[in-house]
Structures are given as structure tokens and as C-alpha cells.
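What follows is a short report on a single structure.
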Amino acid sequence: MIYTVTFNPSLDYIVSVDNFTLGKVNRTSKELIYPGGKGINVSLVLQNLGMESTALGFSAGFTGREIESALKDWGCFTEFIRIPQGLSRINLKLRSNEESEINGQGPEISKEALEALYQKLDAMQPEDVLVLAGSIPSSMPDSSYEQIMARVQNKNVRTVVDATGNLLVNVLKYHPFLIKPNNHELEEIFKVPMDSRDTIVAHAKKLQEMGAENVLISMAGDGAILVSADGEVYSSEAPKGKVVNSVGAGDSMVAGFITGYLRSHSYETAFHMGICTGSASAFSERLATQEEVDHILKQMNWTA
């Protein structure tokens, strides 16, 4: 089973407004509402690609119930810890001449709720996949990712970490199967401009020396690079298409990589699947579907 963890899930309210103007009454031209959060996005795309997953995390109030209900309607399994106080957050995504976001806070996570999540993770079995994605709420200890990685390190579980800064660096000692920083996050970690492919590859290899098995670097319109556990380096330009949605593209790349690897056990195939899935979400108003991914795979003359 694939498990995704989203500590602070959301209802994403995505509105399109023609020529949004501050200080004025603006009317929406289009509205979408669906469950959000990086781990949840991974679960949703996995489901679209025909892969079962269980979404874990915390939910609170009527918004939390709606998040869980929407995930189940999508076909995902859920095992959220219910928080008795507060509300799961609503994130507003505004699409107009520019994209803007207003993200809510979410409920406070108690030690007891966190321990309940840890106990669910203790039930994981060998060969399961665990995806840790996104930031940690201020009410939780900064070491939460490390604590989770330490608990599962002897279970023969493949761990995937999509986080930034010290959240990512501090788990490398537990040898995650995959990490997915983007080029800007790589700059943040090493304080070095990532101004060439060779520089990016060299620093991805440093992350491997620090413990990561596979390092997938996303570079938006400039494509992606994979430094794989077997020592190979794969790179590709981004597929051609019109970007209409930047939300969830990186999470979709993670879901595509996991799907490609579990089906083929080929890092190259996983890399191609990841690029095409991330691009399919970027080119769509919602998250990537299998049909959209297949179309881009064909465009790139790849198979997965």
C-alpha cells in the first residue's frame, strides 16, 4: 500500500476572476473546490493513475469532514485523525492576470493526536511506500518528519520526502528512497546558484552522499533531472504545452514517479512518468488524469 501524510490538509477554493481589481467587487468566472495539501494531491493523482493509496493526516470541523468525504468520493482510502477543536483550513487560489493564494492556518495538533498518527504508521508493512510532503504546522515539533522516518526505518518501507530546507536535510540520514527538491530549494540548501545542469547534478549527488537514494530535481519550464540510486543521470526538457495551473504539479510528478517505478522498477521509466504527470497537471485546470499523461508520453515518444 502507498500511504501519504498531509499534516495540514485543506479545502482548496479555486476561483477565476477576469481582470481582478483590488478594492472593488469582483465576480468569479469559474469556481472549483477540492481537497488539497501536498500529500493529498499525491493520493488524488495516484488514484487517477490506477494506484491505490491511503491518505493519512489530521482533520477538524465541517471542513475536515468535507475533505475526507471528497477523498472517498474520488476513490481514495482515508485514515485521518479527527481533531476535536478548530477547523481544517480553506485555501483560496485566485486565478486572474496573476495567480495569488491565501492559505488558512488549520487546527492545533496535540501530542495525543500526533501519537495516534504514529501508531497508524507503525502498522506499515515491508514494501509499502510512505510519502511525506509539505510543511509542518507550527503546533507540531520541527522534528516530526525525523521521528516518522526513525519509526519506519527498520520496516523495509520506501519513503518519499517532498519538503524544503532543514525538514528535508534532517531526514537524509534515514536514507529516503526519493526526494524531490526543485532547483530553487537546492539553492536554498547549498547557498549556491543552480545556474547550470552540471551544478545541479553535482549538488544532487551531494544529497545522495548525505543519504538520499534517488534525487529528482524539478525545474518548472526547464524540465527535470534525476540522479538515480544506480548512479545514472537522466535529464529532460519540459514537454510543450500551455501552463494553466501551477498548483499540484510537483506533487503530481511525485505520484507519477512512484507509479512508474512500482510498475516497471525502472528509474528511467519512473522519471519519464513523473515528468509527464507533473506536466499534465500543469496543463490542466485540475490534477492529471491517465488520459492526459498518456497523451504527453506519446508526445515525448516515451512508454511507461
Side-chain angles (χ1 to χ4, degrees), residues 1-7 9-10 12 34-57 67 70-72 74-78 127-134 157-163 176-182 213-220 223-224 226 228 234 236 238-239 241 243 245-297 300 302-304:
M1 175 61 75
I2 304 168
Y3 295 89
T4 66
V5 177
T6 307
F7 289 123
S10 64
D12 285 354
Y34 57 80
K38 293 181 70 63
I40 282 177
N41 288 339
V42 173
S43 276
L44 294 175
V45 176
L46 285 169
Q47 181 65 27
N48 285 352
L49 299 179
M51 304 291 288
E52 289 187 345
S53 73
T54 298
L56 303 173
I67 290 168
L71 279 167
K72 291 174 182 176
W74 205 293
C76 299
F77 299 107
T78 64
E127 303 301 322
D128 283 346
V129 176
L130 174 63
V131 180
L132 303 176
V157 169
R158 293 189 180 97
T159 52
V160 177
V161 180
D162 185 4
F177 171 72
L178 175 70
I179 61 174
K180 195 210 69 63
N182 61 38
E213 293 184 27
N214 296 280
V215 182
L216 178 59
I217 310 294
S218 57
M219 301 181 296
L226 171 69
S228 64
Y234 304 96
S236 173
V243 175
N245 171 32
S246 62
V247 177
D251 310 321
S252 300
M253 178 179 280
V254 168
F257 186 98
I258 292 169
T259 300
Y261 183 79
L262 292 180
R263 286 178 176 167
S264 69
H265 293 282
S266 161
Y267 294 126
E268 183 177 23
T269 298
F271 176 61
H272 292 165
M273 188 73 174
I275 289 175
C276 292
T277 307
S279 296
S281 284
F283 300 159
S284 172
E285 288 191 339
R286 302 199 67 169
L287 295 170
T289 66
Q290 183 70 65
E291 182 180 3
E292 290 165 343
V293 174
D294 289 343
H295 175 76
I296 297 175
L297 283 166
M300 300 295 287
W302 292 335
T303 57

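Remember, predicted model here, so these are calculated numbers, not experimental data. When reading the values below, keep in mind they use all heavy atoms of this one structure, side chains included, and skip hydrogens, waters and symmetry mates.
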Let me confirm one number: the [atom1]-[atom2] distance from [X] to [Y], rounded to the nearest 0.5 Å.
{"X": "Ser236", "Y": "Glu268", "atom1": "OG", "atom2": "CD", "value": "10.5 Å"}
{"X": "Cys276", "Y": "Phe271", "atom1": "SG", "atom2": "CZ", "value": "9.5 Å"}
{"X": "Leu132", "Y": "Phe7", "atom1": "CG", "atom2": "CZ", "value": "6.5 Å"}
{"X": "Thr159", "Y": "Asp128", "atom1": "OG1", "atom2": "CG", "value": "12.0 Å"}
{"X": "Tyr3", "Y": "Leu130", "atom1": "OH", "atom2": "CG", "value": "9.5 Å"}
{"X": "Leu178", "Y": "Arg158", "atom1": "CG", "atom2": "CZ", "value": "11.5 Å"}

Is it true that atom CD of Glu52 has more than 12 heavy atoms of other residues, nucleotides or ligands lying nearer than 6.0 Å?
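Result for CD/Glu52: open.
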For residues [X] and [Y], determine if any side-chain heavy atom of one lies less than 4.5 Å from a side-chain heavy atom of the other.
{"X": "Thr277", "Y": "Thr259", "answer": "no"}
{"X": "Met51", "Y": "Ile2", "answer": "yes"}
{"X": "Val131", "Y": "Lys38", "answer": "no"}

Please give me the minimum heavy-atom distance between [X] and [Y], naming the atom from each residue.
{"X": "Glu213", "Y": "Phe177", "value": "CB-O, 3.5 Å"}
{"X": "Gly256", "Y": "Leu49", "value": "CA-CD1, 4.1 Å"}
{"X": "Cys76", "Y": "Leu44", "value": "SG-CD2, 4.1 Å"}
{"X": "Asn41", "Y": "Asp251", "value": "ND2-OD2, 2.8 Å"}
{"X": "Ala280", "Y": "Glu292", "value": "CB-CB, 4.0 Å"}
{"X": "Ile275", "Y": "Pro239", "value": "CG2-CD, 3.6 Å"}

I'd like to check the side chain to side chain donor-acceptor pair (under 3.5 Å) partners of [X]; sequence neighbours left out, ordered by chain and number.
{"X": "Asn48", "answer": "Trp74"}
{"X": "Ser218", "answer": "Lys180"}
{"X": "Ser53", "answer": "Ser43"}

Quick one: which of Asp162, Thr6, Thr4 gives a side-chain contact (heavy atoms from CB on, under 4.5 Å) with Val42?
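Filter result, single survivor: Thr4.
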Give a yes or no answer on whether the side chain of Ser266 reaches the backbone of Thr269 with a donor-acceptor pair at less than 3.5 Å.
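At least one qualifying donor-acceptor pair exists.
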Parallel, tilted or perpendicular: ring planes of Tyr261 versus Tyr267, cut at 30 and 60 degrees:
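Answer is parallel, since the angle falls under 30°.
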